[in-house]
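Values in this document were obtained by computation on a predicted structure and should not be read as measured data.
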Amino acid sequence: MTDPFASSSSPSASSPASSSSCASASSSLILIVEDEPEIADILQAYLEREGLRTARATDGRRALEGHQSLKPDLVLLDVQMPLLDGWQVLAAIRQRGDTPVIMLTALDQDIDKLTGLRIGADDYVVKPFNPAEVVARVHAVLRRAGRPSRPPGQVLRVPPFEIDQENHVATVAVEGEVHTLALTLTEFRLLAEMARHPRRAYSRAELLEACLPEGEALERTVDSHVSKLRRKLEELGVSGVPASVRGIGYRFRGVE
């Protein structure tokens, strides 16, 4: 029998408890429970790109075995699964503990969503989905659960910025002088999120989910926070950060 849990760094790994070695051992482990290889591959690639470790299961029974042996920090769980469906797996996980679970469903019906949330799902995403949005939701759920989604002490260096994610301190060097930025928590989150991928264009929905996960804010709320962040940077002589991307949202800086 082949290994039921495919390691993200080695699809044919011999150990059922193996997971990706692409990220630091201190980063969160995400168990992807998805029987469609193409979807699982995409999710795995996006999660790893964000520094997360991954493991995979292809049916409900293997999902429960993986949950037991791997102790993941979060489970991405497809509803339509062989052997045991997602609702059954979710119910079993909830009997064991409080591992965060995000449901993936192709059935955009309120009854499915309500059922999932009633028996303990932390969030849900309807297929077809934007994988970047799924990753943003993973980070948001991990934050709410108090589980660090990225290695502690990670410092982002994107000249002229240096962003200490653990201590929530951001500095910018202007004409040889280093300034500490007086940012709100949301402004800091926005700056750090876009600095991780400076050339990537983020939609407002992605930034809202990643940086304001606690409330029910509207997407346009992002514009207000970005405007205030921009104003603070301009006062120090830094312009064009974040940059607007017409029809999409924002990126860290304009493409040169």
Report yes if the side chains of [X] and [Y] come closer than 4.5 Å at any heavy-atom pair, otherwise no.
X	Y	value
Leu76	Leu31	no
Leu77	Val79	no
Val169	Ile163	no
Val141	Leu74	yes
Val172	Val178	no
His225	Val222	no
Thr105	Lys127	no
Lys228	Thr186	no

Inset, instruction - List in chain and number order the residues that pass side-chain hydrogen bond (donor to acceptor under 3.5 Å, both in side chains) with Ser244, two or more places apart in sequence or in another chain; answer none if no residue qualifies. - result: Arg230
Could you report the tightest heavy-atom contact between [X] and [Y], atom names first, then the distance?
X	Y	value
Asp122	Pro100	OD1-CA, 3.2 Å
Thr184	Lys232	N-NZ, 4.0 Å
Leu191	Ala170	CD2-CB, 4.0 Å
Pro72	Gly66	CD-O, 4.1 Å

Indicate whether the side chain of [X] and that of [Y] have a donor and an acceptor atom separated by less than 3.5 Å.
X	Y	value
Glu206	Asn130	yes
His67	Thr99	yes
Arg189	Gln165	no
Thr58	Arg62	yes
Glu50	His197	yes

Working to the nearest 0.5 angstrom, can you tell me the gap between [X] [atom1] and [Y] [atom2]?
X	Y	atom1	atom2	answer
Asp59	Glu34	CG	CD	12.0 Å
Leu70	Arg53	CG	CZ	9.5 Å
Thr54	Leu43	OG1	CG	10.0 Å
Thr221	Leu207	OG1	CG	12.0 Å
Leu183	Leu190	CG	CG	9.5 Å

Inset, instruction - Step through the shown structure and confirm whether more than 12 heavy atoms of other residues, nucleotides or ligands are within 6.0 Å of CZ on Arg96. - result: yes
Legend entry - Contacts of type side-chain contact (heavy atoms from CB on, under 4.5 Å), residue Asp41, not counting sequence neighbours: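 Expected list: Arg56.
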Inset, instruction - Mind checking side-chain contact (heavy atoms from CB on, under 4.5 Å) for Ala205 and listing every partner two or more places apart, or none if nothing turns up? - result: Ser203, Glu219
Inset, instruction - Would you please name every residue forming a ring pair (Phe, Tyr, Trp, His ring centres under 6.0 Å) with His168, sequence neighbours left out? - result: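 Once residues adjacent in sequence are excluded, the partners of His168 under the ring pair (Phe, Tyr, Trp, His ring centres under 6.0 Å) criterion are Phe188.
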Inset, instruction - Determine, step by step, whether Val101 and Arg94 satisfy the side chain to side chain contact (heavy atoms under 4.5 Å, CB included) criterion, reporting the C-alpha distance in whole Å, the side-chain angles of both residues, the deciding distance to 0.1 Å, and the verdict. - result: CA-CA 9 Å; Val101 177; Arg94 282 293 162 262; 3.9 Å; yes
Inset, instruction - Determine, stepwise, if the pair Val33 / Asp78 fulfils side chain to side chain contact (heavy atoms under 4.5 Å, CB included). - result: CA-CA 6 Å; Val33 184; Asp78 187 24; 5.7 Å; no
Inset, instruction - Would you kindly confirm whether Val174 and Val241 end up in one hydrophobic cluster when ILVMFWY residues are joined by side chain heavy atoms under 4.5 Å apart? - result: yes
Legend entry - Nonpolar side-chain network containing Ile248, other nodes, edges under 4.5 Å: Val245
Inset, instruction - Determine, step by step, whether Glu133 and Arg137 satisfy the salt bridge (charged side-chain N to carboxylate O under 4.0 Å, His left out) criterion, reporting the C-alpha distance in whole Å, the side-chain angles of both residues, the deciding distance to 0.1 Å, and the verdict. - result: CA-CA 6 Å; Glu133 178 188 353; Arg137 287 175 182 258; 3.0 Å; yes
Legend entry - Backbone of Ala243 reached by a side-chain donor or acceptor of Arg251 within 3.5 Å: no
Legend entry - Side chain Asp73, main chain Leu29, donor-acceptor under 3.5 Å: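 At least one qualifying donor-acceptor pair exists.
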Inset, instruction - Kindly state each residue pair satisfying salt bridge (Lys or Arg N to Asp or Glu O under 4.0 Å) with at least one member in residues 81-90, sequence neighbours excluded. - result: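 Counting only pairs at least two positions apart or across chains, no salt bridge (Lys or Arg N to Asp or Glu O under 4.0 Å) contact touches residues 81-90.
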Inset, instruction - Please confirm whether Phe252 and Phe161 have ring centers closer than 6.0 angstrom. - result: yes
Legend entry - Basic-acidic side-chain contact under 4.0 Å: Arg231, Glu187: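 Between Glu187 and Arg231 there is no salt bridge, as every charged N stays at least 4.0 Å from the carboxylate O atoms.
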Inset, instruction - Using a strict 4.0 Å threshold on nitrogen-to-oxygen distance, state whether Asp223 and Arg204 make a salt bridge. - result: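 Looking at Asp223 and Arg204, the cut-off is met.
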Legend entry - Verdict with supporting geometry, Thr171 and His179, side chain to side chain contact (heavy atoms under 4.5 Å, CB included): CA-CA 5 Å; Thr171 61; His179 301 267; over 6 Å; no
Inset, instruction - Please lay out, stage by stage, how Leu156 and Arg196 fare under the test side chain to side chain contact (heavy atoms under 4.5 Å, CB included). - result: CA-CA 7 Å; Leu156 295 169; Arg196 291 186 192 103; 3.7 Å; yes
